[in-house]
Each structure stands twice: as C-alpha cells, then as structure tokens.
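What follows is a short report on a single structure.
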Amino acid sequence: MRETAFGYPSTRYEPSPLVDLGSRRQRERLSGTALKTFFKLMERWKVRDEDARQLLGGVSNGPYYEMKKKPKGRLLDADELQRVSYLIGIFKALHLLHGEKLADEWLRLPNRNRIFGGGAPLAYLIAGGVPAMHTVRRLLDARRGGM
C-alpha cells in the first residue's frame, strides 16, 4: 500500500454518500419504503401499536394509522427517518448475531446487560428515543465485531 500525503495508508474503502435528510426530495424518495419496512419490523418484533408510535417519536393515533394503512405518499421528517434507520440496523444486527426466533424476540426479552438494567431493550428504546437507538445499535455492532 502506498502512503497518502498525510501519512495514512491508502485504502479501497469508499464511504457511502451522505443523504441530506433536510432535503424534501430525499425524504420523499425514502419515506414510503421506510414506512413499509418499519411496519414489517413492528410485525416481526410483535410490537404493539402504542409502542410503535413511540418508537417513531410519539406519533399520534390518527397520523399513525394513516401511515400504517397507506405508507406510500407519506412524508416522514428527518427524525422519523433516522429512527427507522436505526431500527433497521438493529434488526439486521440481531439477525446476524442470532437465529431468527431469538433475533425477533430479543427486543421483548429481559436483558441483564447494564444498559437495560434487567428490563427489555424495547422499553429502553421507547424511553430513550434516538440516543437509546444509537446505543443499542453500537452495542450490537460491537458484539458483531467480537467485543
């Protein structure tokens, strides 16, 4: 490997381009698929609608059921898209770490990890919002890396 001007070895790694979630056009492009995926995750994880609404950031009943009935054409805000993104990452990590049955039950099971204090990860995610989703995602990614 040759060295770059800063003394770092060159690499073939190319980061994915950043998506501007502030852009209405990008949110329109992503929202329908994000919502369909979100509702499939909630079904797989057997998450109650009340809890699913909280995972989306406290969406009220009317808009939530409209999203559920007709996800196409809905526009999520940047926070909602970020939340769905974290949940997709958590789902993927769980399915890489565990068999399908445990991966789909993991969020609802009591967990002795000090992060969860003996409670279910789902309760932690609901109470902590985006920072909790980030923490759980990092925990699972670390476990995938053998830490």
Side-chain angles (χ1 to χ4, degrees), residues 1 8-9 11-147:
M1 266 191 197
Y8 295 107
T11 178
R12 293 186 310 245
Y13 171 73
E14 288 291 326
S16 300
L18 293 176
V19 175
D20 178 9
L21 294 181
S23 161
R24 181 179 180 89
R25 186 174 176 181
Q26 291 296 330
R27 292 192 333 269
E28 286 171 346
R29 181 178 69 82
L30 297 169
S31 291
T33 303
L35 276 174
K36 282 194 246 180
T37 304
F38 172 79
F39 289 117
K40 285 181 183 178
L41 290 180
M42 297 303 101
E43 187 177 317
R44 290 280 298 266
W45 285 339
K46 296 182 173 91
V47 174
R48 301 174 324 163
D49 284 346
E50 179 181 326
D51 294 336
R53 290 184 12 246
Q54 294 308 310
L55 289 172
L56 271 181
V59 175
S60 59
N61 274 340
Y64 175 81
Y65 288 108
E66 279 297 313
M67 288 178 195
K68 193 171 183 178
K69 183 169 50 174
K70 192 171 135 186
K72 194 170 182 167
R74 297 291 302 191
L75 181 65
L76 297 178
D77 63 32
D79 178 69
E80 292 165 334
L81 282 168
Q82 184 179 27
R83 288 167 177 271
V84 173
S85 176
Y86 274 123
L87 294 170
I88 292 168
I90 289 167
F91 176 85
K92 180 180 176 182
L94 286 169
H95 280 264
L96 290 171
L97 287 166
H98 306 295
E100 189 171 323
K101 184 176 181 344
L102 178 56
D104 288 342
E105 292 176 355
W106 188 86
L107 279 183
R108 292 178 281 110
L109 298 174
N111 194 308
R112 291 184 300 183
N113 184 298
R114 65 182 175 180
I115 292 171
F116 309 116
L122 178 61
Y124 177 78
L125 293 175
I126 290 168
V130 171
M133 291 176 186
H134 179 75
T135 298
V136 171
R137 175 73 192 269
R138 284 182 41 220
L139 169 72
L140 295 172
D141 286 345
R143 286 184 178 165
R144 282 182 41 217
M147 300 180 106

Value rounded to 0.5 Å, distance of CG in Leu94 from CZ in Arg137: 10.5 Å
Return the minimal non-hydrogen interatomic distance between Lys68 and Asp49, and the atom names on each side. NZ-OD1, 2.8 Å
Any ion pair linking Asp79 and Arg83 (charged N to carboxylate O, less than 4.0 Å)? yes
Are the ring centres of Tyr64 and Phe39 closer than 6.0 Å? yes
Distance check, rounded to the nearest 0.5 Å: Leu76 atom CG versus Leu56 atom CG? 7.0 Å
Would you indicate whether the side-chain heavy atoms of Leu109 and Leu102 approach each other to under 4.5 Å? yes
Rounded distance (nearest 0.5 Å) linking atom CZ of Phe91 with atom OG1 of Thr37: 10.0 Å
Heavy-atom closest pair, residues Pro71 and Lys36: CG-CG, 3.7 Å
Drop me the distance from Leu140's CG to His95's NE2, to the nearest 0.5 angstrom. 11.5 Å
To the nearest 0.5 Å, how far apart are CD in Gln82 and NE2 in His134? 9.5 Å
Under the 3.5 angstrom rule, does the side chain of Ser85 hit a backbone N or O of Leu81 as a donor-acceptor pair? no
Hey, what do you get for CZ (Arg44) to CG (Asp104), rounding to the nearest 0.5 Å? 4.0 Å
Answer yes when Lys70 and Glu66 have at least one side-chain N-carboxylate O distance shorter than 4.0 Å, and no when they do not. no
Given salt bridge (charged side-chain N to carboxylate O under 4.0 Å, His left out), test Asp141 with Arg138 step by step and report yes or no. CA-CA 5 Å; Asp141 286 345; Arg138 284 182 41 220; over 6 Å; no
For the pair Arg74 (side chain) and Ser31 (backbone), establish whether a donor and an acceptor sit closer than 3.5 Å, ignoring hydrogens and angles. no
